[in-house]
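Structure first, then comments.
Order of appearance sets the numbers: ligands from 1, and atoms from 1 within every ligand.
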Amino acid sequence: MNAHKIVVIGSINMDLVTSSPRFPKPGETLLGTGFHQYMGGKGANQAVAAARLGAEVSLIGAVGSDHFGQALLDNLRKEHVNTDAVRIIQDRPSGMANITVAEGDNHIIVVSGANFSLTPTDIHNEEQRIANADVVMAQLETPLDTVIAGAELAKKYSKPFILNPAPAQKLPQELINLTSILTPNAYELAISLGLSENLSPEEMLRQSPCQVVMTLGSKGALFNDETGAQYSQPSFTVTPVDTTGAGDTFNGALAVFLKQGLHEAVKKACAAAAISVTRPGAQGGMPLYKELEAFLTKQ
Ligand code: RIB
């Protein structure tokens, strides 16, 4: 049987991660407890998550012509992600994320670097790749017109287009119309669609003009189908070590299992995300297919 083909359009970052007993207040200097360098970027993370679960994954992205860029490319190849459509941008630094992990949560500041050199032309150059895909997915760490170009090609070839609207920004109606499934958390949904942040998740979903799978952290996920009917998927109980990349793991798994129907895909995405937070680093805890199966069997 042919593997499920997924095309990810997205960012590739080096994550510089500091662990701290708590988050510093503005102007405060704290002594941290550890520092690590991990492979990250929402696009790369989604790609690795999907590849570990058995999909045939191509990433359309960009890295700089620096040491980080080479390390990021090497990692993607080691994870069996096809990097033929990753451009190396001369004289630009690779994307970088400054991450603080504390209090069971994280703060992230991304400096986009080469990720913002990814253009609509880069996407059009990969039209055949998108035409051959089963699912196309993107996030918002690359320019919006580049994401829209990907969504347009996905539409042209009737491929499901999954958009993780992170980091949050107000989405143009054009992109909402091109999106098959939007995968925000509650805050991102409010910003993406211009809704009040005070609405309940159920009310936000009711007001959404498109199909949404909303991630609710330790509360699992809430989603609607084409008819607007709402469903919830409880989370799986684990002891979190590092929640960085949990959303990316969720998205990667959702794309892989979409062919099994939305309910099954959301359940497996919640399980994959739960496993992912039990090890450090955005990609460190992403499960292989057999680990996901074993985890679900034990529930
Ligand atoms: O979603 C987690 C990711 O966000 C990190 O890997 C970091 O690079 C930022 O893109």
Below 4.0 angstrom from a heavy atom of [X], which ligand 1 atoms are there? Numbered from 1 as shown, please.
X	result
D15	5 (C), 6 (O), 7 (C), 8 (O)
G40	6 (O), 8 (O)
A282	6 (O)
A97	7 (C), 8 (O)
E141	4 (O), 9 (C), 10 (O)
D248	1 (O), 2 (C), 3 (C)

Less than 4.0 angstrom from a charged side-chain N to a carboxylate O is my criterion; do [X] and [Y] meet it?
X	Y	value
R279	E291	yes
R206	E203	yes
E28	R22	yes
D122	R87	yes

Ligand 1 contacted by S11 (non-hydrogen, < 4.0 Å): no
Residue and atom name of the nearest protein heavy atom (relative to atom 4 (O) of ligand 1), distance in Å to one decimal: K42 NZ, 3.2 Å
Ring center gap for F223 and H263 short of 6.0 angstrom: yes
K42 side, atom NZ; L140 side, atom CG - distance, nearest 0.5 Å: 9.5 Å
